[in-house]
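Note that the numbering runs from 1 along the sequence shown for the chain.
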Amino acid sequence: MQITDDIGKLLAILPPDIRQQIEQHPKQDRLIEVVMDLGRLPEARFPDEAVYLGNTPISPEDLQHCIERVGSFSGDNRAGIERTLHRISAIRNRTGIIIGLTCRMGRAVFGTISMIRDLVETGQSLLLLGRPGVGKTTALREIARVLADDFNKRVVIIDTSNEIAGDGDIPHPAIGRARRMQVSRPELQHQVMIEAVENHMPEVIVIDEIGTELEALAARTIAERGVQLVGTAHGNRIDNLIKNPTLSDLVGGIQAVTLGDEEARRRGSQKTVLERKAPPTFEIAIEMLERQRWVIHENVSHTVDMLLRGVEPNPQVRTVDENAELTITQEKLDKPPSYGLTGTVGLESVPRPTGLRASGRMTPLAPMGLNQGGFSSDFERLLDESWCQPEGEGESEKIRIPGPNGEDFPVYVYPYGIGRSQLEQVIDVLNLPVVLTKDLSNADVVLALRSHLKNESKLRQIARVRQIPVHGVKSNTIPQITRTLRRLLGMDEVKIPETADLRLFTRGGNDDELEALEEARLAVEQIVLPKGQPVELLPRSPQVRKMQHELVEHYRLQSDSFGEEPNRRLRIYPA
């Protein structure tokens, strides 16, 4: 990295004794700012420490010495030094007299965005987040230069406090060929943003410190006109913006939505939940946790949706070491359990049972015999005998292997009212530790359709006497069977479904079926989920459409068939 700081011009405005103290300090090249408050000792701040400069408190003459050597202070109490990036901020008393100065070192660091250069090239809007002093403005300045010089784009910088391109009418060379528009008063920043788009035909707008609702609205207007927007906002994380009513529109805004009873049960949440109101203004968000450690959210809408549902996102973390080597990892950050923004605990944060509790099996007491007589009809006698059918050769003896959490694997399942071929297909494709049994007395758990359970009191009675747990399946479809088996085995149910294994949903496994399923999968993963748009598929036969319906259900989406045969086809709706 190449660093340009013009430290000599900053020291030139300071009183002589303070300037001498800084020039003799061994960490002079790492100076962040000099603080001068009336009646207090002057202070120099570095990344890892703050030191006093001498033993003489600041006098009104010292403050006046600095004020005379900088430009005029604007409405936000900021001034600069001509042709530099330094920023001088004033603290005033109640009568408007300056009683404190913060002289902040401005540096142009060339090469500081090597970590995100590939994201800058995409042309998508970028939002930089981070605490004050982490380097947001420095990165913004370098992004403007790279877009203007390396990619030959028309870049306009909205420089409210002359902090990006320096004080004075001639911009600092650090912004390259990018143009700079100054703002007469900070409260007019949103008007200058719109003016830049309307008058100067930019391809990229760069703005520092989006802080008001009007500026957030102007940013959305710019993004919707097809202009790439690069901006910064104060806030360490995306969830800080979501909770900030002023700036939440930058990430799509939030609104309260009342769910129907069935949808609330499906989500496992309250009936009133928070959801994203609109597409985010910025497609990509970068959380600058440290100067050399940034967290990348390449799909802001996906991240916001996960946070609103109480799910912890799994972002990309990029770091740069002392040798300028870039390291990219995909890992969960050290964060406390996510309780979502709706006040309800997320499903992923609820501790799940382990060991024998995972299967819902309790230690049985002394065996209790069943009443074998008293049947009112031959049908009831035959039905009772059907619960305990003999197993095939070699299947009568249970084989147990300890699971990862001490469970007894495999789990012996007695299916009732569920297609055995579908169960075997799910078990085989997902390689689940499950064995199907025809003998109820040999089962660890009963798996039955909910509709059958309502009318079959005999099954419930036998299961209760034998102390075998009963799990209901909502419908006889591949996704429902898959979710029930995963829940039965104590596996965490994925809130955002992973890419579907198409083998689960085929019947014959021929090319036509795979082609139709691949078409549905691409439509869901590339259009419906990321863009929130409905999609119509090509006409298919009834059997193939049924497979497509099951695949769509795997992604927690709705679909229906419409049109007349032979042109009847599927339409997939966003969640």
Side-chain angles (χ1 to χ4, degrees), residues 352-372 375 379-491 493 501 503-504 507:
R352 294 192 176 271
T354 58
L356 291 176
R357 293 178 58 204
S359 64
R361 180 80 183 274
M362 302 180 68
T363 305
L365 300 175
M368 301 174 62
L370 293 176
N371 181 13
Q372 300 296 331
F375 297 116
F379 173 76
E380 287 194 9
R381 180 178 56 79
L382 293 173
L383 180 63
D384 185 72
E385 292 175 355
S386 70
W387 303 126
C388 302
Q389 302 179 31
E391 296 286 359
E393 184 178 354
E395 296 181 5
S396 59
E397 183 180 353
K398 286 186 179 181
I399 301 174
R400 296 294 193 184
I401 301 174
N405 296 315
E407 305 94 334
D408 288 336
F409 281 164
V411 176
Y412 286 76
V413 174
Y414 181 91
Y416 183 73
I418 302 175
R420 193 179 182 95
S421 62
Q422 292 170 291
L423 273 169
E424 290 174 343
Q425 185 178 0
V426 172
I427 295 169
D428 180 59
V429 172
L430 298 182
N431 195 24
L432 299 178
V434 174
V435 174
L436 301 181
T437 178
K438 301 176 184 177
D439 186 356
L440 185 60
S441 61
N442 199 36
D444 295 323
V445 65
V446 173
L447 207 62
L449 281 178
R450 292 180 188 173
S451 58
H452 287 37
L453 281 174
K454 293 178 182 178
N455 304 321
E456 192 47 72
S457 59
K458 188 69 174 180
L459 173 63
R460 296 199 304 271
Q461 176 189 350
I462 297 176
R464 183 167 58 251
V465 171
R466 296 181 180 271
Q467 298 190 9
I468 300 174
V470 179
H471 288 254
V473 182
K474 183 178 179 182
S475 60
N476 206 353
T477 63
I478 294 291
Q480 292 293 337
I481 294 173
T482 303
R483 290 172 204 159
T484 305
L485 287 178
R486 289 176 62 89
R487 189 165 57 246
L488 175 73
L489 296 170
M491 298 179 180
E493 188 174 353
D501 190 330
R503 294 177 298 167
L504 272 176
R507 298 295 183 268

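The structure places OH of Tyr416 at 13.5 Å from CG of Leu447, a figure rounded to the nearest 0.5 Å. Leu423 contributes atom CG, which lies 12.5 Å from atom CG of Asp428 (distance to the nearest 0.5 angstrom). Note: Ile481 CD1 to Glu424 CD = 11.0 Å, rounded to the nearest 0.5 Å. Atoms CG and CG, on Leu432 and Leu488 in that order, are 9.5 Å from each other to the nearest 0.5 Å. Taken from CZ in Arg420 to NZ in Lys438, the straight-line distance is 5.5 Å, to the nearest 0.5 Å. Annotation: the span from Leu485 atom CG to Thr482 atom OG1 amounts to 7.0 Å, rounded to 0.5 Å.
Scanning all heavy atoms of the two residues, the minimum distance from Thr477 to Gln422 falls at CA-NE2, 4.5 Å. Residue Gly472 comes nearest to Arg487 through the heavy atom pair O-NH2, 4.5 Å, listed as atom of the first residue, atom of the second, then distance. When every heavy atom of Thr437 is checked against every heavy atom of Pro415, the shortest pair comes out as O-CD, 3.6 Å. In terms of heavy atoms, Leu449 sits closest to Ser475 at CD2-C, 3.7 Å.
Just one residue in the list Val413, Leu436, Val435 forms a side chain to side chain contact (heavy atoms under 4.5 Å, CB included) with Ile427, and that residue is Leu436.
With sequence neighbours excluded, no residue satisfies side chain to side chain donor-acceptor pair (under 3.5 Å) with Gln425.
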